[in-house]
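Lettering follows sequence order; numbering is per chain, from 1. Since this is a predicted model, take the numbers as computed values, not measurements. Reckoned from all heavy atoms, side chains included, excluding hydrogens, waters and symmetry mates.
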Amino acid sequence: MPDKPSLDGIEAKWVDVWDESGVYHFDRSKSREEIFSIDTPPPTVSGSLHIGHVFSYTHTDTVARFQRMNGKAVFYPMGWDDNGLPTERRVQNYYGVRCDPSIPYDPDFTPPAKPDPKKQIPISRQNFIELCERLTVEDEKVFESIWRRLGLSVDWRYTYATIDDNSRATAQRAFLRNLARGEAYMAEAPTLWDVTFRTAVAQAELEDRERPGAYHTITFHRDGAEPVRIATTRPELLPACVALVAHPDDERYQALFGTTVRTPVFGVEVPVVAHRLADPEKGTGIAMICTFGDVTDVTWWRELQLPTRPIIGWDGRIVADPPEGLDSPAGREAYAKLAGATVHTARERVVEMLRASGDLIGEPQPITHPVKFFEKGDKPLEIVTTRQWYIRNGGRDAEVRDGLLERGRELIWHPEHMCSRFEHWVGGLNGDWLISRQRFFGVPFPVWYPLDDEGNPIYDAPILPDESQLPVDPSSEAPKGYTEEQRGKPGGFIGDPDVMDTWATSSLTPQIAGGWERDPDLFERVFPMDLRPQGQDIIRTWLFSTVVRSHFEHGTLPWSTAAISGWILDPDRKKMSKSKGNVVTPIAMLEKYSSDAVRYWAASGRLGTDTALDEGQMKVGRRLAIKILNASKFALSVAGEDTPVDPAAVTEPLDRSMLAVLADVVADATAAFQGYDHTRALERTERFFWDLCDDYLELVKARAYDADSREGASARSALLIALSVLHRLFAPFLPFVTEEVWSWWQEGSVHAASWPSVEEFRSAAAAGDPAVLAATAEVLRSVRKAKSEAKLSMRAEVDRVVVRGKQAEQAGLCRDDLAAAGRVAELTFESSDDTELRVDVTLPQAEG
RNA sequence: GGGCGUGUAGCUCAGUUGGUCAGAGCACCCGCCUUACAAGCGGGCGGUCGGAGGUUCGAGUCCUCUCGCGCCCA
């Protein structure tokens, strides 16, 4: 036991010890009932960790530690989400490169010493992926060291990364199974498309942003009748117009339904149709349907079975050839002026042409309206018809949807109301889950296509690998029965060029970490898992997609319980996010306040409740940790480290009273943890501990030093019992300081010790009356108050104290302790019916 | 516009099923070098529980409306 205990260096010391002792190792010999398994969120390693990660991961760790101390073998692996677009972007910026799949592999490529992000060097797909792998390995080392320093009780032997061989094999295997059962399919369909990244985007990745736009009122022509005026924010799509639409009940347009009109400038005959989604309040109440301006266009196109006239290409530019139906020479001439232009330029040119032809009525009216964006993109999404892979998710199938809603209800949610987020998301889906991405650093689809005699892929007859071959890379490996020379040749094959969406892999973390089909023995012991902890923002993505995969593959939930952490808000109560630039990195906080202190702050945030970053709470946590050091040192120095902890030796009313209160704390903290209310467990423990230090410790100080008496032995035994229990109650929250103080007097790790139970000291506690400590402490407080008001030292002597009231009797049981702690010469107790406890304190007359 | 959540002391938050529930910590003020801890200890100041109605013997707690804030979805 050190003379001057300190938190300095405590993290480094115990991180090493824990690593060597393997105290957090998962014991895979245990049966399912003896195991608690956690499906930990794999953080995205391409960014820096921020304090919000520390917040929610600490919540999980307190649960892991609680379960471990309760005798469970805790399966608590960590993963890194390294595949996907964020890593690609980081690699592009870090090395100053970009991926160009048309370039051949250069085995000798070395990235530039001084990368210039503005002049990115094009490199092959293989070279690009190698750089991604190189950088993520480095990033993951940094993450792991921060997690270790934070004290996460992870078993690092089970770490995985979403791009590693096991994850790729798992993702491909699950996909092949989905495909075989008809849950995955390929379709050519209008798809939300990001023109910057040139990839399809799923519903879960969308966000609306308010953008300025303008209503252009333009005229469509009719033979022998007045022209029809429509308003549109996207005049450049005029050549893609396939119909006009108005609400079926709209009186103004009844006569038009079933007739045709002619588009201005381009001269295409289009029908006028009726549909309930047309908004009579918007513009002139009649709108043009284009293929495709927005998702409503897609709905109209599908439900009204309209023709397709796509004009926007994968690069976001107007395609070279006019669409079918745009046949007139004048129309083709006009279209030629748009071919190859960006959407922006095309709009200007169409407006010019409309103005010249007299079909633009008045000037465009500026408005602000919501526009769909890819959450990581900065150009509005277009809708492009492409061939993509989908997994069914209930978005277009009531039976699947109901099954998934039922799973959501089966899941135990903490807090409960988070269930409605799941239900609303599932209920609001309007299409299946698009899982293919036209990117590079991801899990490739394990699919090849045969080429016909003209070299065109036969998409209906995909070639699939055996599960035993996984993981495969169809862009570098040939399918069975073919040789690499036949790649791209007529009669040969091509590999599917796409990779899976990140979520298509991370929706399988229980299977990846649990060893599905790779380690059946392990999988059987940990799956379905007990706990999925995560943030509320990814209920619609990660949680939902994981439920989908497990529902299809295993017919069960992937875990029984979900614990949803809240947001971290900055001190101004704004959500902390990278895009807002208000992110705080954890390492400075850990260094400044200690890991235990930061964990204390994190643990003081309840599940599902947004919590402000509050350094004040970290200071409080630091003080608590230091207090634990000092109080433990004191108690051990008084009681003697070698004194056996013996409930039978606790005989004094005050000591028994304290243990009775402690018994309540243990029961309460245990129940709170079982109900995933870690905050309450911490609060109760902390409250008791400070009261113990302020009152009980002061009261028994003198008696405990008495080595020979039975009363002294009672105090010392009670102190040690309280100390042992408190060290363990605090252990899930403050793993470093509790391990430090535990090591002063106990064998083994506190984190392998058993969670305290009332049984350990019931004999002493049951005989105790909580009111004794309460009454005695109140008398002591009254004495202190009198001294404080007289501006005297707490060591000042007191002539006389008279205690009156109902509880005087209880306080009277502790006369000697009170007299010693308060330095009271004469102490009398007068029992009365007064419910109030009255304490009269007579101080010595102040001297001249 | 719809959904979920939230509004209690200057700040961060507790307040189980309506009945000492008006609390804690921080901050602030006044004291105290007290042999575990001055990165400490003792004491004190501080709120018409967002607002308005209603139910009730009784509402921070239940109901209705309303305002503010946060997030999600249109």
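Using a 4.0 Å cut-off between charged side-chain N and carboxylate O, A:R234 and A:E382 make a salt bridge.
OP1 or OP2 of B:C26 has not a single side-chain nitrogen or oxygen of A:Y600 nearer than 4.0 Å. Phosphate contact (OP1/OP2 of B:C4, side-chain N/O of A:R540, threshold under 4.0 Å): absent.
In this structure, B:C49 forms no base pair with any nucleotide, since neither Watson-Crick nor G-U wobble geometry is met with both distances under 3.5 Å.
Residues A:D799 and A:T842 bring no donor and acceptor atom of their side chains to less than 3.5 Å of each other. Of the N and O atoms on the side chains of A:H727 and A:S632, at least one donor lies less than 3.5 Å from an acceptor on the other residue. Remark: the A:R728 side chain and the A:S724 side chain contain an N/O donor-acceptor pair separated by less than 3.5 Å.
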Distances under 3.5 Å between protein N/O atoms and the N/O atoms of nucleotides 38-40 of chain B, please, pair by pair.
unit_1 : atom_1 : unit_2 : atom_2 : d
B:A39  : N1     : A:R622 : NH2    : 3.2
B:G40  : OP1    : A:R623 : NE     : 3.0

Between protein and nucleotides 43-46 of chain B, what N or O pairs are separated by less than 3.5 Å?
unit_1 : atom_1 : unit_2 : atom_2 : d
B:G43  : O4'    : A:S788 : OG     : 3.3
B:G44  : OP1    : A:K785 : NZ     : 3.0

What N/O pairs connect the protein and nucleotides 5-8 of chain B at under 3.5 Å? Give each pair on its own line.
none

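Side-chain proximity of A:H424 to B:G3, B:G70, B:A36: nearest is B:G3.
Taking the six-membered ring for Trp and the full ring otherwise, A:F55 and A:W601 have centroids separated by under 6.0 Å. Taking the centre of each ring, A:H59 and A:H678 come in below the 6.0 Å mark.
Between A:W742 and A:W745, the ring planes are perpendicular. Angles over 60° get that label, and only those under 30° would be called parallel.
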